[in-house]
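Letters go in sequence order (proteins before strands), and every chain restarts at 1. Excluded from the calculations below are hydrogen atoms, water molecules and symmetry mates; all remaining heavy atoms, backbone and side chain alike, are included. Quick caveat: nothing in here was measured; it's all calculated off a predicted structure.
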Number of protein chains: 2
Amino acid sequence: MNRQVRKIAELDRTIHEPGRLMLMTLLFAVEGSDFLYLQHETGMNKGTLSSHLSRLESAGYIEVSKTYRGKVPQTLLRLTAAGRKAFEQYRRHLREAL
Amino acid sequence: MNRQVRKIAELDRTIHEPGRLMLMTLLFAVEGSDFLYLQHETGMNKGTLSSHLSRLESAGYIEVSKTYRGKVPQTLLRLTAAGRKAFEQYRRHLREAL
DNA sequence: CCAACAGGTTGGCATTGCAAACTAGTAGGT
DNA sequence: ACCTACTAGTTTGCAATGCCAACCTGTTGG
């Protein structure tokens with residue numbers, strides 16, 4: 001197996017999936033965000049967004065905190081250190097592969 | 001929806017899938033290949049490889065020709081012009097997004 | 001009381017990937 | 001000639017995942 005191609009085979013699928021790649025890209029840039037902002041920026045429906053966030057959380061890539069903005073519930077998301085590192089590595093691998 | 005993120009949402013899923021991304025990358029580089037070479041370079045099993053090649057063929061990205069090497073059957077693959085173009089565009093979009 | 005909002009859960013359908021079975025033709029041994 | 005094994009793929013069964021649409025929960029405002 002060719003070196004370049006091996007990099008592709010080893011890409012982190014949790015991040016590679018476009019839905020989550022959007023989320024990681026956004027969260028990497030902004031350093032903290034809420035559910036509605038992510039929904040608006042990605043164009044995903046709530047169900048899909050919710051399940052991608054759950055997956056990122058169980059991968060340890062994001063931290064989810066449920067709070068209130070006044071009386072309205074608000075879900076806050078931010079990358080963990082592991083998530084930041086995984087995203088940087090993903091980008092590095094992809095760049096090397098292409 | 002943010003411009004960078006929109007690029008990700010619009011990535012060509014036919015190419016983005018790692019199995020097929022490996023194939024496109026290989027075929028883009030070598031300009032003509034056979035089934036066994038691709039299997040060896042990608043590490044995929046025959047079934048998976050066969051189905052990805054079918055999908056790439058029906059997307060019009062590769063051309064499949066079945067011939068013989070002496071008496072042994074051989075399946076030859078190569079990118080079409082459309083496939084080459086799609087791959088270049090995919091890479092461009094990805095680069096812009098990251 | 002009722003519509004609307006934030007967010008989550010569920011059901012249905014398509015796709016991926018593996019493994020195992022299958023096809024078709026070829027080569028080797030007896 | 002006959003049986004077996006191998007090569008090159010294709011097809012099928014199965015589990016996991018992705019995405020959408022629809023429904024559910026809890027709360028707020030009119």
Side-chain angles (χ1 to χ4, degrees), chain A residues 1 5-6 8-27 32-59 61-78 90, chain B residues 1 5-6 8-27 32-59 61-78 90:
Chain A
M1 203 158 118
V5 167
R6 187 187 308 274
I8 298 174
E10 288 168 0
L11 286 172
D12 183 340
R13 314 280 286 215
T14 300
I15 297 179
H16 187 68
E17 189 59 33
R20 290 186 298 263
L21 184 52
M22 288 192 274
L23 295 173
M24 293 295 283
T25 300
L26 284 168
L27 291 172
S33 171
D34 63 41
F35 190 97
L36 287 180
Y37 173 75
L38 293 177
Q39 187 183 356
H40 180 251
E41 292 299 295
T42 61
M44 287 187 233
N45 63 49
K46 310 185 242 183
T48 301
L49 177 54
S50 178
S51 70
H52 281 314
L53 291 175
S54 295
R55 279 191 56 102
L56 289 173
E57 186 185 17
S58 41
Y61 291 172
I62 67 173
E63 211 179 67
V64 181
S65 46
K66 293 167 196 201
T67 60
Y68 285 82
R69 183 190 351 119
K71 305 285 183 123
V72 180
Q74 183 177 222
T75 300
L76 294 174
L77 297 314
R78 61 180 190 75
Y90 171 82
Chain B
M1 200 161 116
V5 166
R6 186 186 308 275
I8 297 175
E10 287 168 0
L11 286 173
D12 183 341
R13 313 281 285 214
T14 300
I15 296 178
H16 188 68
E17 190 60 31
R20 290 187 296 267
L21 184 52
M22 288 193 273
L23 294 173
M24 293 295 282
T25 300
L26 283 168
L27 290 172
S33 172
D34 63 40
F35 190 97
L36 288 180
Y37 173 74
L38 293 177
Q39 188 185 355
H40 180 251
E41 294 298 296
T42 61
M44 288 187 231
N45 64 50
K46 310 186 246 183
T48 302
L49 177 54
S50 178
S51 73
H52 280 313
L53 291 174
S54 295
R55 277 191 58 103
L56 289 173
E57 186 184 16
S58 44
Y61 291 171
I62 67 173
E63 211 180 65
V64 181
S65 46
K66 292 164 196 204
T67 60
Y68 284 83
R69 183 192 350 122
K71 304 284 183 119
V72 181
Q74 183 177 221
T75 300
L76 294 174
L77 297 314
R78 61 182 190 74
Y90 170 81

Open item on the list: Can you give me the closest heavy-atom contact between Leu77(B) and Phe35(B), atom names plus distance?
Closed with: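 The pair with the smallest heavy-atom distance is CD2-N, 3.7 Å.
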How many Å lie between [atom1] on [X] and [atom2] on [N], as a whole number?
X	N	atom1	atom2	result
Gln39(A)	dC5(C)	CD	P	12 Å
Leu49(A)	dC20(D)	CG	C1'	14 Å
His16(B)	dG18(D)	NE2	C1'	12 Å

- [ ] Report, as a single string ordered 5' to 3', how protein heavy atoms within less than 4.0 Å touch nucleotides 7-22 of chain C: B base, S sugar-phosphate only, - not at all.
- [x] BSB-----SSSB----
Task: Donor-acceptor contact below 3.5 Å, side chain Arg20(A) vs main chain Thr14(A) - done: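 Yes; judged by distance alone, with no hydrogens or angles, the pair exists.
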Open item on the list: Could you check whether any side-chain heavy atom of Thr25(B) comes within less than 4.5 Å of a side-chain heavy atom of Met22(B), counting everything from C-beta outward?
Closed with: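 No; the side chains remain at least 4.5 Å from each other.
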Task: Side-chain heavy-atom pair Leu56(A), Val64(A) within 4.5 angstrom cut-off - done: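 Leu56(A) vs Val64(A): side chains apart.
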Task: Contacts of Tyr90(B) that satisfy ring-ring contact (aromatic ring centres under 6.0 Å, His included) - sequence neighbours left out - done: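 ring-ring contact (aromatic ring centres under 6.0 Å, His included) list for Tyr90(B), sorted by chain: His16(B).
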